[in-house]
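Heads up: numbering here begins at 1 and tracks the sequence.
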Amino acid sequence: MPIAYTPIGRTRHDGASQVIEIDPIYRPGLIGLDTFSHINVIWHADRDELPSEAPLVLPAPYRGAPDQLGLFATRTPIRPNSVCLSVAPLAGVDVDAGLVRLFWIDCEDDTPVLDIKPYHPSSDRVEAPKMPDWCANWPKSLETSDRFDWDSVFIF
């Protein structure tokens, strides 16, 4: 049975400004979102040239990683369903205009957004996550991630 998703809006990147423009019908759902510092954004990777089937084993996309990694051990947007998740720091919300302003999000301009959920530390944060040795030197939080030299990690 096919599954169909209806985007609630699209991302807009304008230089330093990043926003999600919410379709008018969904704008009332933004009420109260401005009281959170971060949101979970579920988006559709619609630009990647997807093979007829997403490869399940990939060459390592990270320096220091094993030579091959299973698809589900990576954050590649080329997935069986091209559904992606980003935690984004919230800069502001304009309910009437349908604008969710972000400090940063890791998707391209004009990306379809499928859903937004508030970030709750009680259900979204893990105090002591286990990470493989090959990424042990990666940032321990979103707040320190922007100062990390990601170019030294990614191979693509």
Query raised in the report: Can you name the residues that form a ring-ring contact (aromatic ring centres under 6.0 Å, His included) with His13, not counting sequence neighbours?
Result: none
Query raised in the report: Between Phe36 and His120, what is the ring plane arrangement, given parallel below 30°, perpendicular above 60°, and tilted in between?
Result: perpendicular
Query raised in the report: If two hydrophobic side chains count as joined below 4.5 Å and joins carry through other members, does Val100 share a cluster with Ile31?
Result: yes
Report task. Grab the two heavy atoms, one from Leu30 and one from Gly98, that are nearest each other, plus how far apart they are. Result -> CD1-CA, 4.0 Å
**Report entry** side chain to side chain donor-acceptor pair (under 3.5 Å) involving Glu143 - partner list, sequence neighbours excluded
**Finding:** Ser141
Requested in this report: Determine the minimum heavy-atom distance between Ile105 and Gln18, stating which atoms define it.
Outcome: N-OE1, 2.9 Å
Report task. Find out whether Arg10 and Val113 are in side-chain contact, i.e. whether some heavy atom of one side chain is under 4.5 Å from a heavy atom of the other. Result -> no
Report task. Verify the cluster assignment for Val41 and Phe103: are they in a single hydrophobic cluster under the rule of side-chain heavy atoms below 4.5 Å apart? Result -> no
Query raised in the report: With a cut-off of 6.0 Å (strictly less than), are more than 12 heavy atoms of other residues, nucleotides or ligands near NZ of Lys140?
Result: yes
Query raised in the report: Going by heavy atoms in the side chains, are Trp43 and Asp106 under 4.5 Å from each other?
Result: yes
Query raised in the report: Any side-chain heavy-atom pair from Leu56 and Leu71 closer than 4.5 angstrom?
Result: yes
**Report entry** Value rounded to 0.5 Å, distance of CG in Asp110 from SG in Cys107
**Finding:** 10.0 Å
Query raised in the report: Considering all heavy atoms of both residues, which atom of Val87 and which atom of Pro89 are nearest to each other, and what is their separation?
Result: O-CD, 4.2 Å
Query raised in the report: Should Tyr26 and Leu33 be counted in the same cluster of Ile, Leu, Val, Met, Phe, Trp and Tyr side chains packed under 4.5 Å apart?
Result: yes
Requested in this report: Measure the shortest side-chain to side-chain distance between Leu99 and Arg12 over non-hydrogen atoms and say whether it is less than 4.5 angstrom.
Outcome: no
**Report entry** Sub-4.5 Å side-chain heavy-atom contact between Asn40 and Ile116
**Finding:** no
Report task. Please check if any side-chain donor atom of Trp150 sits under 3.5 Å from a side-chain acceptor atom of Ser145, or the reverse. Result -> yes
Report summary line: On a heavy-atom basis, the closest approach of Ala60 and Pro66 is CB-O, 2.7 Å
Report task. Determine whether more than 12 heavy atoms belonging to other residues, nucleotides or ligands lie under 6.0 Å from atom CG of Asp67. Result -> no
Query raised in the report: Does Thr11 use its side chain to pair, donor to acceptor, with the backbone of Ile20 at less than 3.5 Å?
Result: no
Query raised in the report: Roughly how far, to the nearest 0.5 Å, is the CD1 atom of Ile8 from the CG atom of Asp23?
Result: 8.0 Å
Query raised in the report: Do the non-hydrogen side-chain atoms of Gln68 and Leu58 ever get within less than 4.5 Å of each other?
Result: no
Requested in this report: Provide the closest heavy-atom pair for Asp151 versus Arg63 in the form atom of the first, atom of the second, distance.
Outcome: O-NH1, 3.2 Å
Report task. Is it possible for you to say whether Ile25 and Val93 belong to one hydrophobic cluster, with membership spreading through side-chain heavy-atom contacts below 4.5 Å? Result -> yes
Query - Heavy-atom check, side chain of Trp104 versus side chain of Leu142, under 4.5 Å - result: yes
Report task. Could you tell me the separation between the NZ atom of Lys117 and the CG atom of Asp124, rounded to the nearest 0.5 Å? Result -> 10.0 Å
Query raised in the report: With the 4.5 Å side-chain cut-off for hydrophobic clustering, are Ile3 and Leu85 part of the same group?
Result: yes
Query raised in the report: Looking only at heavy atoms, what is the nearest atom pair of Leu102 and Ala88, with distance?
Result: CD2-CB, 4.0 Å
Requested in this report: Without swapping roles, check the side chain of Arg27 against the backbone of Ile22 for a donor-acceptor pair under 3.5 Å.
Outcome: yes
